Protein chains: 2
Amino acid sequence: MTEEGAGRPERDPEAVSRFVEHFAAQLVAAGMPRMPARVFASLLVSDTGASTSAELGETLRISPAAVSGAVRYLDQQHLVSREREPGSRRERYRVHGDQWYEALTNREAVIRHWQDALREGVASVGPDTPAGLRLGETLAFFEFVEKEIETIMKRWRVHRDETFGGA
Amino acid sequence: MTEEGAGRPERDPEAVSRFVEHFAAQLVAAGMPRMPARVFASLLVSDTGASTSAELGETLRISPAAVSGAVRYLDQQHLVSREREPGSRRERYRVHGDQWYEALTNREAVIRHWQDALREGVASVGPDTPAGLRLGETLAFFEFVEKEIETIMKRWRVHRDETFGGA
DNA sequence: CTTAATCTTCACAAATTTATGAAGCAAGCG
DNA sequence: CGCTTGCTTCATAAATTTGTGAAGATTAAG
């Protein structure tokens with residue numbers, strides 16, 4: 001076996017770093033600013049799911065200010081939480097384990113905004129015009145999807161428990 | 001009735017413009033560059049679902065170059081198609097009616113990239129480590145969603161035909 | 001084959017975004 | 001109590017993105 005007994009040495013820092021950058025690239029493509037994306041990816045691969053500012057700054061080679069800004073963003077998006085270790089001003093940033101990707105789909109407010117904009121459009125051209133019909137159908141689509149997403153997430157939790165839970 | 005007979009005068013340009021900007025704002029929030037977003041929104045509210053470069057330039061107050069760039073982007077994303085009116089070098093850009101929002105969810109390649117990145121992550125830390133388990137579960141989530149999206153879209157088409165089709 | 005109309009490409013200017021160092025604040029430690 | 005450690009905020013510098021005007025290419029009409 002690949003040496004056991006003294007901790008857990010088997011982790012190729014280079015490979016991990018490649019993952020961080022590749023995963024962050026996906027987050028960026030999805031609209032997240034670069035720095036928060038890298039910080040988030042780093043937290044995801046950390047063994048405990050949590051890191052200090054200093055750790056993040058060192059592995060990513062960025063300034064404390066950059067870490068601070070990134071964490072503020074992630075906090076606002078409810079993608080990480082902050083923990084204070086009692087008896088220290090060191091803060092610990094934690095990724096919400098299996099819930100972060102649920103947050104990705106929980107864009108309820110976002111979908112609401114789309115719907116609002118579309119309703120405004122229908123009103124502005126009249127519901128019986130060609131444009132009104134086109135916009136109305138799109139609106140119906142968003143309303144449909146909104147409900148279906150809820151269903152999907154329920155089905156996911158069942159599936160997850162079957163796969164990863166006891167059974 | 002609000003004057004009939006001479007075309008279709010009932011369309012408040014200001015209200016339409018408001019919709020264009022609000023809807024474009026949502027697209028921008030979703031990651032689309034500003035100019036393509038505005039052009040796309042304009043096409044969506046147009047009565048025929050198609051416009052010429054000149055029309056777009058005038059209503060949005062942007063240069064031909066901006067229109068050109070925006071259309072190229074939208075074309076690459078398969079959100080609009082180009083039509084040439086025969087016997088004219090005027091081009092007509094058309095929004096794919098009821099299919100554009102399906103394209104929004106058809107991010108198959110996108111999901112594939114997420115999965116690739118996550119597999120790389122699992123490999124880099126080992127599948128049995130805490131981080132490996134966390135990444136593995138996320139990967140399973142994406143795989144699950146990928147399949148479910150297909151189902152949703154089928155259900156949507158049925159729902160749409162019931163609501164807007166004959167019956 | 002020349003002319004006119006339309007779209008596209010290119011180089012540049014403007015605006016926006018991003019990350020940094022330095023200064024400021026808060027909280028535990030001696 | 002002051003000192004030290006660590007996070008945050010602010011102003012600034014750098015990099016990226018965005019939209020424009022001008023020149024170039026393409027195609028129909030005369």
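What you are looking at is a predicted structure, and each value in this text was computed from that prediction instead of being measured. So that the names make sense, note that chain A is the first sequence line, chain B the second, and so on, each numbered from 1.
The pair B:Arg119-B:Glu143 meets the salt-bridge criterion, with a side-chain N (NZ, NE, NH1 or NH2) lying under 4.0 Å from an Asp/Glu carboxylate O.
One interatomic measurement links the two molecules: CZ of B:Arg89 to P of D:dG30, which rounds to 10 Å at whole-angstrom precision. One can place CD of A:Glu83 at 18 Å from P of D:dG6, the figure rounded to the nearest angstrom. At whole-Å resolution of the value, CE in A:Met35 and P in D:dA15 are 14 Å apart. If you measure from atom CZ of A:Arg92 to atom C1' of D:dT5, you get 16 Å, rounded to the nearest angstrom. The OH atom of A:Tyr73 sits 14 Å away from the C1' atom of C:dT18 (whole-angstrom rounding). As rounded to whole Å, 12 Å separates atom P of C:dT8 from atom CG of B:Leu56. Note: CG (A:Leu60) to P (C:dA19) measures 11 Å, nearest angstrom. Rounded to an integer number of Å, the gap from CD of A:Glu58 to P of D:dC7 is 13 Å.
None of B:Asp75, B:Leu79, B:Val80 except one satisfies the side chain to side chain contact (heavy atoms under 4.5 Å, CB included) rule with B:Gln77; the exception is B:Leu79. Remark: of the listed residues A:Arg94, A:Arg92, A:Arg90, A:Arg94 is the sole one forming a side-chain hydrogen bond (donor to acceptor under 3.5 Å, both in side chains) with A:Glu83.
Ring planes of A:Phe141 and B:Trp156: perpendicular class, angle over 60° (limits at 30 and 60°).
The shortest distance between the side-chain N/O atoms of A:Ser88 and the OP1/OP2 oxygens of C:dG28 is not below 4.0 Å. Between B:Ser53 and C:dC7 there is a side-chain N or O to OP1 or OP2 distance below 4.0 Å. Within the 4.0 Å cut-off from OP1 or OP2 of D:dT8, at least one side-chain nitrogen or oxygen of A:Arg82 is found. In terms of phosphate contacts, B:Arg72 brings a side-chain nitrogen or oxygen within less than 4.0 Å of OP1 or OP2 of C:dT9.
Put simply, the side chain of A:Ser46 gets close to the backbone of A:Ala50: a donor and an acceptor are under 3.5 Å apart.
The nucleotide whose nearest atom lies closest to any side-chain atom of A:Glu91 is, among D:dG6, D:dC7, C:dT20, D:dC7. Residue A:Tyr93 has its side chain nearest to D:dT8 when only C:dT8, D:dT20, D:dT8 are considered. Among D:dG6, D:dT20, C:dT20, the nucleotide with an atom closest to any side-chain atom of B:Ser63 is D:dT20. For A:Ala65, the listed nucleotide lying nearest its side chain is C:dA22; candidates were C:dT8, C:dA22, D:dT18.
The two atoms that bring B:Phe23 and B:Leu44 nearest to each other are CE2-CD1, 3.6 Å, heavy atoms only. Scanning all heavy atoms of the two residues, the minimum distance from B:Val20 to B:Ala41 falls at O-CB, 3.6 Å.
Mapping A:Pro64 and B:Pro64 onto DNA chain D via the closest heavy atom, the residue that lands nearer the 5' end is A:Pro64. Nearer the 5' end of DNA chain C, as judged by each residue's closest nucleotide, is the contact made by A:Arg61, out of A:Gly87 and A:Arg61. Annotation: of the two residues near DNA chain D, A:Val67 and A:Arg34, the 5′-most nearest-nucleotide partner is A:Val67.
In the helix from C:dC1-D:dG30 to C:dG30-D:dC1, the end axes, each obtained as the rotation axis mapping the C1' atoms of four pairs onto the next four within a five-pair block, lie 10° apart to the nearest 10 degrees.
Heavy atoms of A:Gly69 sit nowhere under 4.0 angstrom from any nucleic acid atom.
Counting heavy atoms from C-beta outward, B:Leu74 and B:Met32 have side chains that approach closer than 4.5 Å.
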